[in-house]
Undergrad: 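My structure is below; once you've seen it, I'll send some questions.
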Amino acid sequence: MAPYSSEPTPIHMIVFGGNGDLALRKLLPALFYLEKEHRLAEPSQILGASRHHFSQDEYIQLVHGSLQSYVPACDFDQETWERFARRLNHVSVDGTDPSSFTSLKAVLDERADLPRIFYFSTPPSLFAPLADNLHRNGLVETTSRVVLEKPLGHDQATSRAINESIARFFSEEQTYRIDHYLGKETVQNLLVLRFANALFEPLWNRSYVDHVQITVAETIGVEGRWGYYDHAGAMRDMVQNHLLQLLCLVAMEPPAGMDQDAVRNEKVKVLTALRPMDRDQVLANTVRGQYRDGAVNGVLAPGYHQEEGANKKSRTETFVALRAMIDNWRWADVPFFLRTGKRLPKRLSEIVVQFRALPHLIFPDAEQVVKANRLVIRIQPDEGVKLMMMNKTPGPGPMAAKLTQVPLNLSFADTFRSRHQDAYERLLFDVTRGNPTLFMRRDEVDAAWQWVDAIIDGWQSDTNPPKGYAAGTWGPSASVALIEREDRHWHEDLDDGEIG
Ligand code: BG6
C-alpha cells in the first residue's frame, strides 16, 4: 500500500456533474477553502464536466455565484478567489457518449503530469458508462483516482454491479467511496475520544454499557429531491451509510493503527456481526414512518404526500427507528437503537452511550434520584461531548435530596474557537493526498447492504403502510414504544435532553 503524503500534492480534479447541486453547494466551496488554506498545491487544476456548453467565463461566473451563496462573506476574499478562478475550467461531456470525451482528453493531456481525480457527482446510473468511457479514451492512469458519491446502488445486487463496473478500470486502492459523515470533525473525534483516552475503553463493553442510541434528526423535508428520495427512503438514504458508519465507529475494536486497512477491517467486522433480521424480527424491531403535515419550529410544513412532485400513494419511509444487535463478545445483549427522520423537531445528530445502573447504592433513600451515567456525543449542531454524572448540590440537608445529575460539558465552540472545516473539505483533501482511511471499502458497503436489504425485504412483505407522524414531532409513537418496552428512553425524553 503506497504511503500517503501529509502535504498537499498537485492534482487535476475533474468533477462530473460540475454544474449540479452537490458540486455547487458542497464540492466547489470545499475546494475554495482548500485554496484559501493553501492546501491545493501548485499547479492543481479543477475541471467541471457536464453536458452543458458553458464558456470558460460562464462557468467561472456560475462558480463565483455559488461561492457567494455557500461561503460566508467573512471567509470570501478576492485574492483567494483570483487564485482559485485561475484553476477553474469547464468541459462539455456526455458521460454516455464515448465520442464526446475528445475535448476532455485534450484538456487533460495539456496537464499530463498531474494525477487525475475523477469525482462522479452524478446519478449512479452514470458511474459505469463514465468509467468505461474514461478507459476507452485512455484517460485512466495508474495514478488516477475515482471518487464515488452515494447512493452506491439501490440494494446489494445493484451496488455490486456498480462496484464491479468500476473495478474493471480502477483498482480498490484508486477507488474512494465517500460518506460525508466520516469527514465530520466530531465523527473523527469519536476515534480520538475512544482511543486517545484511557478512561473509556475499559468501560466500553457489555459489562458497563446498557445500550447505545444513534440519532440523526433533520428538520428539512425532501427539499425538491422527491424523485430521488422517494426511490430511496430513509433506510437507503441515511441508515445504510451514515448511521451504520457511526455505529461502526462506536462499536469497533481498537484498530492497531490509523492506517486505512486497520480501521476499515475493524468496521467490516462490526457490520458482519450485525444480527440479521428475518421478517418477524423486522416487524418487532423496526419502525417505519412517513410525515404528515404539521409544524416544524412554528412553521407550517406540508405532509410527504403534499410535497412538490409527490405521488400521493407513496409508501416510502421518511423515518426509521430500529433496534440492532451485534453478535460478538463485546456487545452481546447490548441493543443499539438507531433513529433518523425528516421533518423532526430539531436538526440533531448525536450518539448516546447509556451506562448501566450502579450495582449498589450507599446513599439512603436516593433510589429515585440516582441515575446511571450517560455519555452524549453531539455531532451537530453545537458539537461537543457531555458526560452526565451524579453530583452533590452544595449545602446542608439530607444527602438523597442533594444528589443531582449534572453534565461535564465539553463544547467545541467554546473550547476550540477555530473554524470547523466542512466534511467535504477534509475528504477532498484526503483524496488529493491519496489517503483512503475515511472512505468506505467495497466489502464495507457490501456488508451494510446485506443487513439493510433483509430489513427492506421484511417491510415489503408487510401490507401495512409506514406509520404517519406529524411534521415537527419525533416520529410515530411506535418509535417510543420500541425503546420503552424495555424500560429505556430516547435521549430527548430524559431531563438532560435539552442539548442545544
Ligand atoms: C445526505 C442525504 O447524504 O445527507 C440527505 O442524502 C441528508 O437526505 C443529508 O439531508 C444530511 O447530511 P448533513 O451533513 O446535513 O447531516
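Note that the coordinates shown come from a computational prediction; the quantities given were computed from them, not determined experimentally. We count ligands from 1, going down the list as the structure has it; atoms in each ligand are counted the same way.
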Undergrad: Under the side chain to side chain contact (heavy atoms under 4.5 Å, CB included) rule, collect the residues that match up with T96, sequence neighbours excluded.
TA: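 Once residues adjacent in sequence are excluded, the partners of T96 under the side chain to side chain contact (heavy atoms under 4.5 Å, CB included) criterion are D94, L126, P129.
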Undergrad: How would you list, by chain and number, the residues with a heavy atom under 4.0 angstrom from ligand 1?
TA: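 Residues near ligand 1: K150, H180, Y181, K184, E218, I220, R225, D237, M238, H242, K342, R347, Q380.
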Undergrad: Just how far is it from atom CD1 of I14 to atom OG of S121, taken to the nearest 0.5 Å?
TA: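 Between I14 CD1 and S121 OG, I get 13.5 Å after rounding to 0.5 Å.
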Undergrad: With sequence neighbours left out, what residues match D132 under salt bridge (Lys or Arg N to Asp or Glu O under 4.0 Å)?
TA: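 With sequence neighbours excluded, D132 shows a salt bridge (Lys or Arg N to Asp or Glu O under 4.0 Å) to R136, given in chain and number order.
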Undergrad: Should the ring pair F118 and F16 be called parallel, tilted or perpendicular, given that the plane angle runs from 0 to 90° and is split at 30 and 60?
TA: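 Rings of F118 and F16: tilted, 30 to 60°.
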Undergrad: Do D446 and Q156 have side-chain N/O donor and acceptor atoms under 3.5 Å apart?
TA: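 There is such a pair between these side chains.
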Undergrad: Show every donor-acceptor pair shorter than 3.5 Å between a side-chain atom in residues 19-34 and any protein atom, with sequence neighbours excluded, or say none if there are none.
TA:
| from | atom 1 | to | atom 2 | distance (Å) |
| --- | --- | --- | --- | --- |
| D21 | OD1 | R25 | NE | 3.4 |
| D21 | OD2 | R25 | NE | 3.0 |
| D21 | OD2 | R25 | NH2 | 3.1 |
| Y33 | OH | D75 | OD2 | 2.5 |

